[in-house]
Amino acid sequence: MSFTIDSEVRSHGGTQYVCTHDSRATSTPMTFSIFVPDHEGATKLPVVWYLSGLTCTHANVTEKGEFREACAELGLIFVAPDTSPRGDSVADDPEGAYDFGLGAGFYVDATEAPYAPHYQMWTYITDELPTLIEHAFPCDKDRQSIMGHSMGGHGALTIGLSFPERFKAVSAFAPIVAPSQVPWGKKALTGYLGDDKNVWRKHDAVALIEDGHQVPALLIDQGSDDNFLEEQLKPELLQTACDQAGIELTLRMQHGYDHSYYFISSFIRDHLAWHQQRLA
């Protein structure tokens with residue numbers, strides 16, 4: 001599986017790569033970043049997947065996330081994919097809105113025209129990119145975990161709940177926990193998957209838990225001053241679902257923090273340490 005290394009830099013006792021490859025899933029070029037700590041010989045390292053939010057690319061967390069020092073200390077590979085396919089042939093929101101189309105793939109496999117030919121982000125994240133990463137980098141495929149922010153928190157939760165045997169830890173920053181019940185999610189799921197709300201349930205963390213999907217524990221950080229908190233994020237719905245299902249949820253409301261990377265970078269070391277304990 002061929003790919004191109006666009007950049008390679010040393011940082012905190014490791015190497016930060018940005019790579020591009022032609023994706024079979026999306027039928028477009030796709031870019032991802034990966035940080036690999038220094039390691040001995042043929043040692044395989046645990047992998048943390050990070051899924052970004054609306055309007056983001058791989059670059060947001062790579063440049064603002066402040067994760068490399070912790071990953072180097074903990075011996076964690078950190079992978080950050082893009083949030084959607086891109087290119088002149090890729091359909092966008094017809095009104096140019098930020099919350100649908102380019103930069104807003106919602107980590108689903110679209111079935112609706114004109115999005116279905118390229119918006120196959122579920123397959124890309126759960127199948128194609130992991131296969132490439134495992135072949136090209138010193139990744140231990142049996143020690144993987146997943147986290148994300150906002151729309152990427154939604155993706156991390158739904159993928160983690162769908163593949164609990166693969167992802168040993170799942171966490172999120174300010175996730176969209178119940179997209180079927182909020183404006184961002186209703187718009188995206190209708191546009192990509194159609195009107196059948198039963199189809200939406202596999203891409204809704206609260207619905208997945210209600211339908212019996214389990215993970216041992218979840219870690220969520222949420223800023224109290226997040227301007228999307230009440231309308232779009234609704235962490236209390238996840239709390240209720242986890243309480244009813246017996247899932248251990250650590251929901252930390254962080255006073256005064258917003259939705260930005262200032263918030264994420266403040267607590268990402270905590271998340272990485274939490275993941276490392278479960279990947280050891």
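Bear in mind that the values here come from a model prediction, so they are computed numbers and not experimental data.
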Nearest 0.5 Å, what's the [atom1]-[atom2] distance between [X] and [Y]?
X: Gln120; Y: Trp122; atom1: CD; atom2: CH2; value: 12.5 Å
X: Leu238; Y: Ile209; atom1: CG; atom2: CD1; value: 5.0 Å
X: Thr190; Y: Lys197; atom1: OG1; atom2: NZ; value: 7.5 Å
X: Thr158; Y: Arg201; atom1: OG1; atom2: CZ; value: 13.5 Å
X: Met147; Y: Leu218; atom1: CE; atom2: CG; value: 12.5 Å
X: Asp221; Y: Asp270; atom1: CG; atom2: CG; value: 7.0 Å

Indicate yes or no: at least one non-hydrogen side-chain atom of [X] is less than 4.5 angstrom from one of [Y].
X: Leu208; Y: Val206; result: no
X: Val182; Y: Glu230; result: no
X: Ile247; Y: Gln214; result: yes
X: Val170; Y: Leu161; result: no
X: Tyr50; Y: Phe67; result: no
X: Cys71; Y: Ile77; result: no
X: Gln144; Y: Trp49; result: yes
X: Thr31; Y: Thr57; result: no

Main chain of [Y], side chain of [X]: is a donor-acceptor contact present, judged purely on distance under 3.5 Å?
X: His39; Y: Pro37; result: yes
X: Tyr124; Y: Tyr107; result: no
X: Asp109; Y: Thr123; result: yes
X: His118; Y: Pro85; result: no

Search all heavy atoms of [X] against all heavy atoms of [Y] and return the closest pair with its distance.
X: Asp82; Y: Met121; value: O-CE, 3.5 Å
X: Lys44; Y: Arg143; value: O-NH2, 3.2 Å
X: Ala104; Y: Ser84; value: N-CB, 3.9 Å
X: Pro179; Y: Asp204; value: N-OD2, 3.5 Å
X: Gly160; Y: Val215; value: O-CG1, 3.7 Å
X: Ala110; Y: Leu193; value: CA-CD2, 4.3 Å

Problem - Residue pair Phe106, His203: steps toward the ring-ring contact (aromatic ring centres under 6.0 Å, His included) verdict - result: CA-CA 9 Å; Phe106 260 81; His203 296 293; 9.7 Å; no

Practice task
Could you check Phe100 against Trp184 for ring-ring contact (aromatic ring centres under 6.0 Å, His included), going step by step and ending with a plain yes or no?
Solution key: CA-CA 8 Å; Phe100 186 73; Trp184 276 343; over 10 Å; no

Problem - Evaluation steps, side chain to side chain donor-acceptor pair (under 3.5 Å), between Gln222 and Arg252 - result: CA-CA 6 Å; Gln222 173 63 62; Arg252 308 193 307 183; over 6 Å; no

Problem - Evaluation steps, side chain to side chain donor-acceptor pair (under 3.5 Å), between Ser23 and Glu128 - result: CA-CA 8 Å; Ser23 168; Glu128 183 180 12; 2.7 Å; yes

Problem - Sidechain N-carboxylate O distance under 4.0 Å for Arg10, Asp38 - result: yes

Exercise for the section: Could you tell me whether Lys187 and Asp93 have a side-chain N and a carboxylate O separated by less than 4.0 Å? Expected result: yes

Practice task
List the steps and the verdict of side chain to side chain donor-acceptor pair (under 3.5 Å) for Ser150 and His259.
Solution key: CA-CA 8 Å; Ser150 193; His259 200 69; 2.9 Å; yes

Practice task
Let me see the working for Leu76 and Leu45 under side chain to side chain contact (heavy atoms under 4.5 Å, CB included), right down to the final yes or no.
Solution key: CA-CA 6 Å; Leu76 298 172; Leu45 301 177; over 6 Å; no

Are [X] and [Y] joined in one hydrophobic group, where the rule is that I, L, V, M, F, W and Y side chains link up if heavy atoms are under 4.5 Å apart?
X: Leu272; Y: Tyr257; answer: yes
X: Met30; Y: Val108; answer: yes
X: Ile268; Y: Val47; answer: no

Exercise for the section: Before giving the answer on side chain to side chain contact (heavy atoms under 4.5 Å, CB included), spell out for Phe78 and Ile34 the whole-Å C-alpha distance, their side-chain angles and the decisive distance to 0.1 Å. Expected result: CA-CA 6 Å; Phe78 189 94; Ile34 178 169; over 6 Å; no

Practice task
Could you label the plane-to-plane angle of the Phe32 and Phe137 rings as parallel, tilted or perpendicular, counting under 30° as parallel and over 60° as perpendicular?
Solution key: perpendicular

Exercise for the section: Scan Ser7, Ser52, Ser33 and name whichever one has a side chain to side chain donor-acceptor pair (under 3.5 Å) with Thr62. Expected result: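 Running side chain to side chain donor-acceptor pair (under 3.5 Å) over Ser7, Ser52, Ser33 with Thr62 returns exactly one hit, Ser33.
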
Problem - Among His12, Arg269, Gln276, side chain to side chain donor-acceptor pair (under 3.5 Å) partner for Glu73 - result: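 Of the listed residues His12, Arg269, Gln276, the side chain to side chain donor-acceptor pair (under 3.5 Å) partner of Glu73 is Arg269.
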
Handout entry: Tyr262 atom OH, neighbour heavy-atom count above 12 within 6.0 Å
Key =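 No.
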
Practice task
Count the heavy atoms of every other residue, nucleotide or ligand shown that sit under 6.0 Å from CD of Glu40, and state whether that count exceeds 12.
Solution key: no

Practice task
Go through the side-chain N and O atoms of Thr15 and Glu8 and say whether any donor and acceptor fall under 3.5 Å apart.
Solution key: no

Handout entry: Between Ser171 and His271: side-chain donor-acceptor atoms closer than 3.5 Å
Key = yes

Fill in the blank from the handout: Exactly one candidate in Phe173, Tyr261, Phe267 meets ring-ring contact (aromatic ring centres under 6.0 Å, His included) with His149; the answer is Tyr261

Handout entry: Arg166 vs Ile146, side chain to side chain contact (heavy atoms under 4.5 Å, CB included): CA-CA, chis, key distance, verdict
Key = CA-CA 10 Å; Arg166 182 193 303 184; Ile146 192 164; over 6 Å; no

Handout entry: side chain to side chain contact (heavy atoms under 4.5 Å, CB included) between Leu249 and Asp243, intermediate numbers included
Key = CA-CA 8 Å; Leu249 171 63; Asp243 288 347; 5.8 Å; no

